[in-house]
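First the structure, in the form of structure tokens, and then the observations on it.
These values consider heavy atoms only, across backbone and side chains, with no hydrogens, waters or symmetry-generated copies.
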Amino acid sequence: MNTSEDKKGESVEKWLTMSLLVAFLLNIKKVLIPNVLVEGSLFNEHLDLSVYLFDGVFLLWLGYIILKHEYLLLSIYKKMFHVEQSGNADQQRMFHVEHTLKSITLLILAFILWQWLSVTQADQIPLAIRSALTMTEIGVFISIQLIRMFHVEQQVASNNVPRGTQDVLYRSIIKIMTYFALFNAFVVFIQVSTQHSIGLKYLGESFLRVGNPGIATINLFGEKILRGYGLFPHPNILAAFLGLTLLVLLIHQNVPRGTISSVETKNSSKTMFHVEHLVIGTLVMALMLTFSRTGILLTLLGSIFIVPRGTFPRFPLKKKIQLFHVEHWLMALAVILLVTLGGLTSLKSFSERELSLVEYSELSHFQLIGNGVASYGARLYSQIYSVNDWSIQPIHNYFLLTYYELGAIGLFLIIFLLVKVITEKKNDTMFHVEQLEGNHEKEMFHVEHSKEYLAVVFFLIVFALGDHFFYTIPQGQAIFWLGILVALKERG
């Protein structure tokens with residue numbers, strides 16, 4: 001009976017977690033005030049006051065987590081923050097895991113707390129509270145997933161579960177990311193082919209029509225072509241999500257992660273094409289239709305970093321080794337597209353970023369504690385009257401924007417967190433040799449602790465250097481922190 005109830009509880013928790021993840025990625029909201037600065041003004045994404053779908057889903061999810069796992073969370077918390085290093089090898093490893101998760105979790109909580117403290121510095125308190133609340137909900141969600149990761153690692157180290165056991169929820173998160181990315185890909189195909197939105201307003205789709213103010217287009221042979229939005233507020237945000245999903249799939253699915261047979265068989269070519277190749281091909285095409293040069297280039301570079309890492313045949317002198325995989329034509333298509341875009345597109349996006357840098361130099365000065373969360377857009381609006389409402393945007397740089405609003409302390413917290421994600425112990429084992437009994441393939445090399453998570457971190461950092469949505473847009477924040485979660489999980 002208890003087992004049945006436990007399974008039912010796990011199922012409810014899984015569905016609530018997946019529902020919250022989807023809610024974070026959907027742009028479903030009720031706009032209360034279109035522009036908090038000017039009554040009756042047009043809607044502005046950075047100056048509106050809204051209630052989001054994920055606000056309600058988060059309350060349901062958090063309430064269930066607290067009621068269902070109150071004692072478990074407290075127990076894990078104590079083990080994470082009150083553990084003593086032991087001489088046992090597994091316990092030594094667990095001490096390192098606990099230390100890492102403790103640091104990351106504390107930094108996330110500190111970043112959330114600092115945002116709430118900076119509310120007192122903000123010009124527009126309602127905007128500041130909305131921004132801090134969004135970060136709190138996403139940060140708590142990620143922190144709970146980190147605690148769950150620690151719990152699984154702890155069970156493995158104590159031999160309560162077999163080694164290699166995967167966190168079911170983490171695998172479900174990857175599946176949801178994939179399904180959501182595929183759905184957006186099909187939406188993009190229809191949007192670009194029809195050159196307007198397709199009526200999914202209640203799923204958060206923007207109203208899209210070529211020629212409307214603020215709608216992202218690309219000039220191809222003298223004609224304006226609508227860029228793919230999907231269900232996101234901007235094509236660049238969709239490109240970031242598709243790029244992150246592709247990198248995760250390349251790590252888990254497309255790159256031959258298991259083993260390569262040392263004996264070539266006649267039928268081996270029949271297993272070349274799998275469903276994940278079709279999935280990745282679909283997402284690549286959708287990514288190209290966003291026409292996001294940053295997203296395409298970073299996904300290309302990340303995939304190049306991932307592809308060479310995998311498994312190695314026992315007999316490297318074997319002549320027939322199938323080299324051509326989907327990732328190779330993925331790279332080829334991306335290179336061709338980048339060359340094409342370089343010749344056909346204007347420098348509009350670059351000039352907009354140059355303008356934002358000028359605005360930043362005019363508005364900014366050294367701040368230890370910052371000007372207050374959500375304050376950049378409000379101050380920019382009050383000083384620049386000649387721009388249209390839709391064009392008022394924060395500076396296109398996550399780190400500069402963090403420094404302006406949260407000061408040197410806020411910037412230090414986020415940079416230190418990224419450093420903690422990147423760094424690891426130098427003596428970590430890189431390769432593990434597995435013996436397969438009862439099989440003629442006696443010995444194969446497997447990448448046990450790969451460095452592929454660095455491709456995800458690189459993707460996030462460079463994207464953050466050229467845009468602001470990881471900080472200002474809820475969907476962008478969800479993508480950024482999902483990337484952090486993926487990087488920590490893949491790091492091991």
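Using a 4.5 Å heavy-atom threshold, the side chains of Lys29 and Val31 count as touching. The shortest side-chain heavy-atom distance between Gln195 and Ile225 falls under the 4.5 Å cut-off. Between Arg227 and Asn236, some side-chain heavy-atom pair lies under the 4.5 Å cut-off.
Phe180 and Phe232 have perpendicular rings, their planes meeting at more than 60° on a 0 to 90° scale where under 30° would count as parallel. Ring geometry for Phe54 versus Phe24: interplanar angle of 30 to 60°, hence tilted.
Side-chain atoms of Gln115 do not come within 3.5 Å of backbone N or O of Val373 as any donor-acceptor pair. With hydrogens and angles disregarded, no donor-acceptor distance shorter than 3.5 Å links the side chain of Glu137 to the backbone of Phe58. Judged by distance alone, the side chain of Trp481 and the main-chain N or O of Gly139 form no donor-acceptor pair under 3.5 Å. Within the 3.5 Å criterion, the main-chain N or O of Gln367 finds a donor-acceptor partner in the side chain of Tyr403.
The distance from atom CG of Leu287 to atom CZ of Phe241, rounded to the nearest 0.5 Å, is 12.0 Å. Between atom OG1 of residue Thr245 and atom OH of residue Tyr179 there is a gap of 13.0 Å, rounded to the nearest 0.5 Å.
Glu405 and Tyr471 are linked by a side-chain donor-acceptor pair at a separation below 3.5 angstrom, with hydrogens and angles left out of the test. Side-chain atoms of Thr17 and Trp61 form a donor-acceptor pair, as typed in the model, at a separation below 3.5 Å. Side-chain contact, Ser375 with Asp123: no donor N or O sits under 3.5 Å from an acceptor N or O.
For residues 202-212, the side-chain hydrogen bond (donor to acceptor under 3.5 Å, both in side chains) pairs, not counting sequence neighbours, are Gln191-Glu205.
Using a 4.0 Å cut-off between charged nitrogen and carboxylate oxygen, Lys30 and Asp55 do not count as a salt-bridge pair.
Ring to ring, Phe463 and Tyr398 are not that close: their centroids are 6.0 angstrom or more apart.
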